[in-house]
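Notes follow once the structure below has been shown.
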Amino acid sequence: MSVTKDQEKIIVIDFGGQYNQLVARRVRECNVYCEIYSYKTPLDQIRAMGAKGIILTGGPNSCYEDGAPTAPRELFELGIPVLGLCYGAQLMQHVLGGRVERASAREYGKTEVKVNTASPLFAGIASRGGLDSAMRTAAGATGGADVAAGSTDVAGATGGTDVAAEVSTICWMSHFDYISKLAPGFETVAYTDNCPVAAAQDRSRGLYAIQFHPEVLHTVDGKQMLYNFVRGVCGCAGTWRMDSFVESSVKEIRERVGDGKVLLALSGGVDSSVLAALLARAIGPQLTCVFVDHGLMRKNEGDEVEAVFGKDGDFDINFIRVNAADRYYIKLAGVDEPERKRKIIGEEFIRVFEEEAKKIGKVDFLAQGTIYPDVVESGLGGESTVIKSHHNVGGLPDYVDFKEIIEPLRDLFKDEVRKVGIQLGIPDYLVNRQPFPGPGLGIRIVGDVTAEKIRMVQDADAIYREEIAAAAEEWRASNLPAGSDSASRASVTAAGHTEAARGAAAPVEIGRMDATGRINPPWMPDQYFAALTNMRSVGVMGDERTYDYAIALRAVKTIDFMTAEAADIPWEILQKVMSRIINEVRGVNRVFYDLTSKPPGTIEME
């Protein structure tokens, strides 16, 4: 919905890399629509899409091995630009007559890369402070020439371009193989001490190969590189914007629904809340939202959802709140096994929603908050994995009497959904809320679930979120110039980081911009919450002995939530959180900070 046939687009062809969705998100951030397809997609189908460019992802294989994912030579002869990333770069060279071999040592992590800014891919990139910007003279490596792994004597690295235009930048490398011989027509435009071809190009054919990963934030200028390819090389105008998405979606929903009735299960999460607001703008009281409050939400969230969508809110819809906490607590009593808890919570939701749907009677449409990652992870777009059989994809509930399903957010990533929410006027506390699991606090309580335990984890979590938010705002006040909103209080680099405007009197600590344009401190976690352990221990409060529970604080920084590291929250913030929890949350006498990365741990406790 809302993606027209004439919408300019970039196609991401997935070879099994873990960053396939991240590549597509980075393209979308350039205001260009992008879709992910498997490398098995027929060439005729790709040709018929009318894409303005193609990006080949990374992957876990070696392109020269039998049975490795591949692409036909004709893919590079479609007359549209192609950018290969990591495995995609190696595959491009392999298919077109170059050579790829196993290196003597793996190159992994942040790496200083020398790039030639005369290349369209690296235009506008300046040498990073602290790095050696004086480039060594390159000699050799024109298309068809051999280069040695670990060699810095790359013959023809510039292919006749200006050597003085070369600068240093930091990129994220992750490869065992390397390009030892360029395909005919290619020239080297970037290299490292250990990788003779970190990037190559054949400008005449619009073919570009990058050995590193520009899509991850560790590659400091990665977003600029992708912008250069998408908006520069491919010539995309950048017409994919969320304000126009809202306008076109409202029009299409009205045309499709007509005077029909729509039913939505409103969970209070970001996706369903934005969907409710979008449908409300399109069809108003033809929408009925059923909000099942299972008593496992964060503190006051049920009331917050009702304040926005209920009778006193700004949306003219039919809103039904079902307070089902007691039903859930009875079902969960004495159950301590995580998967059993998940199953009970999911099944009880179905039962409650089914009861309300029967009261409503026949509807014309069932709305679902499916978003693009759900589609990709369910195996309907891309190749990387069929991670899960998502509840919104591939199957329709048989307990609701409806004619059709409607999924207006199906083409959007989560950050785009948040931007749509802002366009629709949803309060910040809803649209920017922390990720929250479907089973709610049921899996943030280790062991059995009781009303008393829920109170403890709700109170502790509320304190944790309050203090993180307050500390972040204090950082903004201290580090960003006053007098304007946070999105314009600092210069923002293409990598999504912020830094002091050049020439400022005092240096500004580097921060990170989130999906909605808000600048956050560098320590700010991507997800954080409090969980209740099933451990009780002896403590002393005042002059009395206690025997109470321990709260675990979790905070992670992550790119894609597939891997994560513990966030380095300043110690004084954690100390304040600990003090408040122990003093304000009855039944808790100890607080831990979880340092476990993912893997081996998971982000959630259960």
Practice task
For the residue pair His294 and Tyr328, categorise the inter-ring angle as parallel (less than 30°), tilted (30 to 60°) or perpendicular (more than 60°).
Solution key: perpendicular
Practice task
Determine whether the aromatic ring centres of Phe319 and Phe309 lie less than 6.0 Å apart.
Solution key: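 No; Phe309 has its ring centre 6.0 Å or more from that of Phe319.
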Please determine if [X] and [Y] form a salt bridge, counting it only when a charged side-chain N lies under 4.0 Å from a carboxylate O.
X	Y	answer
Lys299	Asp459	yes
Arg433	Glu304	yes
Arg321	Glu306	yes
Glu466	Arg580	yes
Arg298	Asp461	no
Glu565	Lys557	no
Glu215	Arg25	no

Hey, what do you get for [atom1] ([X]) to [atom2] ([Y]), rounding to the nearest 0.5 Å?
X	Y	atom1	atom2	answer
Met456	Ile551	CE	CD1	7.5 Å
Leu85	His213	CG	NE2	8.0 Å
Leu296	Leu332	CG	CG	6.5 Å
Phe229	Gln224	CZ	CD	14.5 Å

Handout entry: Qualifying salt bridge (Lys or Arg N to Asp or Glu O under 4.0 Å) pairs, either residue in residues 434-444, two or more places apart
Key =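 Non-adjacent pairs meeting salt bridge (Lys or Arg N to Asp or Glu O under 4.0 Å): Arg444-Glu604.
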Closer than 3.5 angstrom, by distance alone: can the side chain of [X] be matched with the main-chain N or O of [Y] as a donor-acceptor pair?
X	Y	result
Asn228	Ala123	yes
Gln458	Met297	yes
Ser272	Gly369	no
Thr219	Asp221	no
Ser478	Glu474	yes
Thr546	Gly539	yes
Asn589	Ser537	yes
Asp594	Leu553	no
Arg342	Pro439	no

Fill in the blank from the handout: Heavy-atom nearest pair, Ile443 first then Pro437, reads CD1-CB, 3.6 Å
Practice task
Apply side chain to side chain donor-acceptor pair (under 3.5 Å) to Lys341 and list each qualifying residue two or more places apart in sequence or on a separate chain.
Solution key: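 With neighbours one apart ignored, the set is Glu606.
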Exercise for the section: State whether the number of non-hydrogen atoms from other residues, nucleotides or ligands found under 6.0 Å of Glu572 atom CD is greater than 12. Expected result: yes
